[in-house]
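A quick write-up on the structure given underneath.
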There are 2 protein chains.
Amino acid sequence: MNNYTDLLRRHNLKATPQRLAITDILQTHGHVSIELLYEIMLQKFNSISLATIYKNINIMLDNAFVQEVKIPNTKSVFELTKETHSHLVCEVCGSIQDIRVDLTKVMETQTDFKGFKVNTASVVFTGVCRNCKN
Amino acid sequence: MNNYTDLLRRHNLKATPQRLAITDILQTHGHVSIELLYEIMLQKFNSISLATIYKNINIMLDNAFVQEVKIPNTKSVFELTKETHSHLVCEVCGSIQDIRVDLTKVMETQTDFKGFKVNTASVVFTGVCRNCKN
DNA sequence: CTGACTGCAAACGTTTTGCACGGTA
DNA sequence: TACCGTGCAAAACGTTTGCAGTCAG
């Protein structure tokens with residue numbers, strides 16, 4: 001009975017092997033597309049259904065312990081919800097890294113938000129990662 | 001023969017009424033989903049096909065004079081390419097405004113990009129717009 | 001006049017739904 | 001034991017493709 005068993009139950013969700021596998025994979029890989037998640041799940045459950053993957057990802061999104069990351073020119077990936085952070089996306093190898101960015105500086109310097117009350121900021125940096133630079 | 005007639009021709013694309021209407025709508029509305037674009041186009045061309053909308057948006061994306069804006073928890077919208085900017089998305093009414101954000105401050109303050117060479121940054125602020133605050 | 005574009009219909013890939021069976025609590 | 005969740009198959013979407021007719025240049 002690991003962390004996610006508890007978390008699932010607290011949300012009145014049953015801790016099925018499939019769900020625990022999904023949270024494990026998200027934890028291990030950090031960011032996964034539906035496609036990749038399905039591939040990895042197939043190795044653990046020979047007859048898992050894509051419908052099950054979708055149903056569970058949607059339930060986890062609804063319960064806010066998983067989030068979708070939308071990236072320009074790419075498929076979305078999913079990650080476990082954690083403290084606010086931004087993403088570095090390598091346009092060469094497609095890898096995604098988390099990064100803490102201090103946006104207070106931006107918010108302070110930014111003179112004109114046009115009367116807009118900002119709640120959250122989604123930031124995706126695209127470029128070339130350390131490995132691919134070489 | 002307006003701006004977009006020229007622009008289209010410079011890209012070896014014919015300036016058809018449908019294409020000119022699309023660029024006009026983008027210019028007028030700023031940001032439109034495929035769905036909304038289709039609705040508006042239907043008012044001007046009673047038998048326009050969704051296929052035509054998709055084909056043209058894709059051609060305009062390929063030629064880089066239109067860009068897709070990916071927004072958390074929402075459908076993508078399209079905009080005419082202009083100078084780099086960020087977006088303010090109202091979570092109440094769904095409206096989208098452009099905003100200039102100076103990211104050089106972030107890039108300077110940010111100590112650790114993990115060896116990552118940043119090329120572009122996509123920033124979406126989500127919150128409540130001036131109108132909806134009242 | 002000719003190649004490019006449009007509109008239609010069909011195809012395709014992705015996501016959702018309904019239902020009977022199986023497993024968690 | 002009572003539901004909730006799974007897996008399958010079918011349905012529903014959103015997007016793309018192929019083709020015949022039309023139009024811009």
Side-chain angles (χ1 to χ4, degrees), chain A residues 1-25 32-63 65-71 73-78, chain B residues 1-25 32-63 65-71 73-78:
Chain A
M1 172 129 93
N2 64 29
N3 292 339
Y4 289 100
T5 303
D6 291 342
L7 187 55
L8 287 163
R9 294 207 183 135
R10 258 181 265 129
H11 286 271
N12 298 312
L13 299 173
K14 294 193 173 175
T16 64
Q18 290 87 340
R19 284 180 182 161
L20 293 173
I22 290 174
T23 51
D24 280 357
I25 292 166
V32 287
S33 63
I34 289 286
E35 208 176 7
L36 178 59
L37 184 54
Y38 182 50
E39 269 177 43
I40 303 174
M41 289 292 282
L42 269 178
Q43 294 167 16
K44 308 193 184 195
F45 305 86
N46 51 15
S47 69
I48 184 120
S49 163
L50 246 183
T52 301
I53 307 268
Y54 277 109
K55 284 171 189 165
N56 282 324
I57 283 289
N58 285 334
I59 282 181
M60 293 177 187
L61 286 169
D62 291 346
N63 284 276
F65 49 90
V66 164
Q67 288 180 323
E68 181 175 0
V69 184
K70 293 197 175 186
I71 301 168
N73 316 314
T74 325
K75 285 189 190 119
S76 288
V77 294
F78 298 88
Chain B
M1 171 127 91
N2 63 30
N3 293 337
Y4 289 100
T5 303
D6 290 342
L7 187 56
L8 287 163
R9 294 206 184 136
R10 256 179 267 128
H11 287 271
N12 297 312
L13 299 172
K14 294 195 172 176
T16 65
Q18 291 87 340
R19 284 181 182 161
L20 292 172
I22 289 174
T23 51
D24 281 355
I25 292 166
V32 289
S33 62
I34 289 286
E35 210 176 7
L36 177 58
L37 184 55
Y38 182 51
E39 271 178 43
I40 303 174
M41 290 291 283
L42 268 178
Q43 294 166 16
K44 308 193 183 194
F45 305 85
N46 52 13
S47 68
I48 183 118
S49 162
L50 246 183
T52 300
I53 306 269
Y54 277 109
K55 283 172 190 166
N56 282 324
I57 283 290
N58 285 332
I59 282 181
M60 292 178 187
L61 286 169
D62 290 346
N63 285 276
F65 47 91
V66 164
Q67 286 180 323
E68 179 175 1
V69 185
K70 292 198 175 186
I71 301 168
N73 316 313
T74 324
K75 286 189 191 118
S76 288
V77 294
F78 298 87

Provide, to the nearest angstrom, the distance between the [atom1] atom belonging to [X] and the [atom2] atom belonging to [N].
X	N	atom1	atom2	answer
Leu8(B)	dC5(C)	CG	C1'	12 Å
Asp62(A)	dG5(D)	CG	P	12 Å
Lys44(B)	dT6(C)	NZ	C1'	18 Å
Asn56(A)	dT24(C)	CG	P	14 Å
Asn12(B)	dT2(C)	CG	C1'	15 Å
Lys55(A)	dC4(D)	NZ	P	14 Å
Leu50(B)	dA9(C)	CG	C1'	13 Å
Arg9(A)	dC4(D)	CZ	C1'	13 Å

**Request:** Using a heavy-atom cut-off of under 4.0 Å over every strand shown, decide if Thr52(B) touches base, sugar-phosphate, or nothing.
**Result:**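 Here Thr52(B) touches the bases of the nucleic acid.
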**Asked** So does Thr16(B) get a side-chain nitrogen or oxygen closer than 4.0 Å to the phosphate oxygens (OP1/OP2) of dT6(C)?
**Response**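 Indeed, a polar side-chain atom of Thr16(B) lies that close.
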**Asked** Taking OP1 and OP2 of dG7(D), is either one under 4.0 Å from a side-chain nitrogen or oxygen of Gln18(A)?
**Response**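 Answer is yes, contact under 4.0 Å.
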**Closest-nucleotide ordering on DNA chain D, the 5'-leading residue of Ala51(B) and Pro17(B)** =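 It is Ala51(B) whose nearest nucleotide is closer to the 5' end.
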**Prompt:** Out of Asn56(A), Leu7(A), Leu8(A), which one pairs with Leu13(A) under the side chain to side chain contact (heavy atoms under 4.5 Å, CB included) rule?
**Reply:**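 That would be Leu8(A).
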**The single option from Val69(B), Ile25(B), Leu36(B), Leu61(B) passing side chain to side chain contact (heavy atoms under 4.5 Å, CB included) against Phe78(B)** =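 Of the listed residues Val69(B), Ile25(B), Leu36(B), Leu61(B), the side chain to side chain contact (heavy atoms under 4.5 Å, CB included) partner of Phe78(B) is Leu61(B).
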**Prompt:** Considering only side-chain heavy atoms of Ser49(A), which listed nucleotide, dC8(C), dT16(D), dC8(D), is closest?
**Reply:**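 Of the candidates, dC8(D) comes closest.
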**Prompt:** So does Asn58(B) have more than 12 non-hydrogen atoms from other groups sitting under 6.0 Å from CG?
**Reply:**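 Atom CG in Asn58(B) is crowded, with more than 12 foreign heavy atoms closer than 6.0 Å.
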**Message:** If you count every heavy atom of other residues, nucleotides or ligands that lies below 6.0 Å from Asp24(B) atom CG, does the total exceed 12?
**Reply:**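 Yes.
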**Request:** Locate the shortest heavy-atom distance separating Ala21(A) from Phe45(A); write the atom from each residue and the value.
**Result:**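 Looking at all heavy atoms of both residues, the shortest contact is CB-CE1, 3.6 Å.
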**Item:** Pair of N/O donor and acceptor under 3.5 Å linking dG22(C) base with Lys14(A) side chain
**Value:**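 No such pair is found, so the answer is no.
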